[in-house]
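To start, the structure under review is shown below, and the notes come after it.
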Amino acid sequence: PTLKYFAVGECGSFPNIYIYKYEEGKASLHRILRKGTEAMYSALSFNEKGDLLASVGGEPDYNLVIWNWKCETIILKAKAFSQEVYRVCFSPRFEGKLITSGMGHIRFWEMAKTFTGLKLQGELGKFGQIDLSDISAFVEFPDGKVLSGTEHGTFLLWEGIFIKANLDEGDKQKCHEGLVEHMSWVMSDNPEDVLIMSAGHDGYVKWWKYLDFENLILDDFSNGVIHPVKSVQLINPKNNKPIKITNLVKHNNFWLIQDGNGFLIKVTPLDN
């Protein structure tokens with residue numbers, strides 16, 4: 001969060017995480033974190049203070065590790081899931097809480113104080129009657145509810161470990177076609193103008209009013225309808241095809257978008 005450091009996770013036999021210091025346009029190796037996983041890192045995230053780093057390993061161990069990266073030490077370790085984990089994120093509002101998501105799951109974690117010391121305790125989200133789904137993107141609301149995308153292009157609103165709402169645009173129209181890969185806030189001093197931005201494999205970037213999610217009308221099966229306030233499909237100028245958005249990094253003056261077809265694309269921002 002200070003924008004002075006970034007982390008890179010390797011693939012290979014007992015890979016490392018390298019912490020680089022970035023200043024005056026140059027990056028220099030600052031710390032090395034060792035023995036957090038056996039074969040690869042699939043996700044990394046700093047907490048809001050910047051003093052902790054969470055990492056998730058891939059097959060075979062799927063380790064979730066909390067690091068004191070400045071001291072190059074492991075604070076906590078637990079198995080994140082039994083299948084691939086796509087994303088890990090510290091709660092921006094509730095200290096000691098994290099969320100992981102990936103193949104067929106979302107999991108809510110707490111760094112809990114127990115009689116035997118600090119432990120990672122995680123509870124799986126329960127899909128109930130809704131089809132199981134891969135989950136790649138999510139945002140946390142101020143009250144702790146979590147909005148996530150799905151591989152089906154719908155949105156799920158989680159309250160605790162249970163689904164409060166299953167959302168689409170109505171008339172059998174999904175929020176996105178295919179996996180939702182990005183969700184983020186577009187903040188404003190006026191609560192009426194606070195938006196949530198989403199993007200996915202269909203190449204669409206969409207903006208949704210946050211207050212619409214707080215004022216949902218649901219049927220007896222927790223289904224609801226939500227409509228974007230703005231929608232743009234991004235086209236790759238190299239092949240004139242919609243960008244398969246697999247990652248999106250927002251900067252004040254531009255975005256960097258990873259196209260699943262093998263491109264890295266810089267675009268001017270569309271949310272201001």
Side-chain angles (χ1 to χ4, degrees), residues 42-45 83-89 99-106 130-141 146-158 165-188 193-213 216 223-272:
S42 59
L44 303 171
S45 178
Q83 291 178 292
E84 199 67 34
V85 178
Y86 303 151
R87 200 170 305 276
V88 59
C89 187
I99 301 171
T100 56
S101 71
M103 193 174 292
H105 80 285
I106 186 169
I130 294 172
D131 290 342
L132 201 68
S133 173
D134 296 349
I135 294 178
S136 180
F138 52 81
V139 289
E140 185 184 71
F141 287 5
V146 172
L147 180 71
S148 77
T150 70
E151 66 181 279
H152 314 298
T154 55
F155 291 164
L156 298 176
L157 183 60
W158 299 85
N166 179 32
L167 305 170
D168 59 27
E169 292 189 32
D171 297 323
K172 299 183 179 179
Q173 178 72 33
K174 303 292 179 64
C175 301
H176 286 271
E177 292 299 323
L179 184 63
V180 181
E181 289 274 24
H182 175 87
M183 282 184 161
S184 61
W185 291 96
V186 182
M187 303 306 293
S188 171
D193 296 329
V194 174
L195 303 176
I196 293 172
M197 191 180 97
S198 65
H201 284 186
D202 56 0
Y204 275 95
V205 181
K206 298 186 179 186
W207 291 261
W208 316 78
K209 269 196 173 184
Y210 161 63
L211 288 182
D212 287 350
F213 292 101
L216 293 168
N223 297 314
V225 174
I226 196 88
H227 297 291
V229 296
K230 186 166 58 171
S231 177
V232 177
Q233 189 176 40
L234 301 181
I235 304 299
N236 187 333
K238 294 286 187 180
N239 56 19
N240 291 318
K241 294 180 179 179
I243 296 172
K244 184 181 179 181
I245 300 171
T246 58
N247 208 344
L248 188 154
V249 178
K250 295 163 69 175
H251 189 270
N252 291 336
N253 302 315
F254 61 87
W255 297 344
L256 282 178
I257 296 176
Q258 186 178 353
D259 185 341
N261 298 307
F263 296 90
L264 185 65
I265 299 170
K266 181 180 179 181
V267 300
T268 54
L270 305 170
D271 59 349
N272 55 20

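All values below come from the heavy atoms of this structure, side chains included, with hydrogens, waters and symmetry mates left out.
Considering only heavy atoms from C-beta on, Ile265 stays 4.5 Å or farther from Leu234 through its side chain. Under the 4.5 Å side-chain criterion, counting only non-hydrogen atoms from C-beta, Phe263 is not in contact with Ile257. Side-chain contact between Leu156 and Ile106 is absent, with no heavy-atom pair separated by less than 4.5 Å. For the pair Val225/Asp168, a side-chain contact is recorded, criterion being any heavy-atom separation below 4.5 Å from C-beta on. Using a 4.5 Å heavy-atom threshold, the side chains of Ile196 and Trp185 count as touching.
Nearest heavy atoms, Leu248 versus Met197: CD2-CE, 3.8 Å. Scanning both residues, Ser101 and Val85, for their nearest heavy atoms gives O-CG1, 3.4 Å. Minimum interatomic distance between Gly153 and Val180 (heavy atoms only, all atoms of both residues): CA-CG2, 4.3 Å. In terms of heavy-atom proximity, Thr150 sits nearest to Ser133 at CB-OG, 3.1 Å.
To the nearest 0.5 Å, atoms NE2 (His182) and OG1 (Thr246) are separated by 12.0 Å. The CZ atom of Phe138 sits 11.0 Å away from the CG atom of Leu147 when rounded to the nearest 0.5 Å. One distance of note links NE2 of His105 with CD of Gln83; it measures 8.5 Å at 0.5 Å rounding. With rounding to the nearest 0.5 Å, the separation of CD1 in Ile245 from CG in Leu179 is 11.5 Å. Atoms CD1 and CG, on Ile226 and Leu167 in that order, are 6.0 Å from each other to the nearest 0.5 Å. Here the straight-line distance linking atom CG of Asp212 with atom NE2 of His227 works out to 9.0 Å at 0.5 Å rounding.
When each of Val88, Thr100, Ile99 is paired with Ser45, the side-chain contact (heavy atoms from CB on, under 4.5 Å) condition holds for Val88 and for no other.
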Just distance, no hydrogens or angles: give the donor-acceptor pairs under 3.5 Å from side chains in residues 198-206, sequence neighbours left out.
| unit_1 | atom_1 | unit_2 | atom_2 | d |
| --- | --- | --- | --- | --- |
| Ser198 | OG | His176 | NE2 | 2.7 |
| Ser198 | OG | Trp208 | NE1 | 2.9 |
| His201 | NE2 | Glu181 | OE2 | 2.9 |
| Asp202 | OD1 | His176 | ND1 | 3.2 |
| Asp202 | OD1 | Tyr204 | N | 3.1 |
| Asp202 | OD2 | His176 | ND1 | 3.3 |
| Asp202 | OD2 | Glu177 | N | 2.9 |
| Lys206 | NZ | Glu169 | OE2 | 2.7 |
| Lys206 | NZ | Cys175 | O | 2.7 |

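At least one donor-acceptor pair under 3.5 Å links the side chain of Arg87 to the backbone N or O of Ser136. Listed for the Glu151 side chain is a donor-acceptor partner under 3.5 Å among the backbone atoms of Asp134.
Within the structure, salt bridge (charged side-chain N to carboxylate O under 4.0 Å, His left out) contacts touching residues 231-244 (residues at least two apart or in different chains) do not occur.
Ring geometry for Phe213 against Phe155 counts as tilted: the plane angle lies between 30° and 60°, on a 0 to 90° scale.
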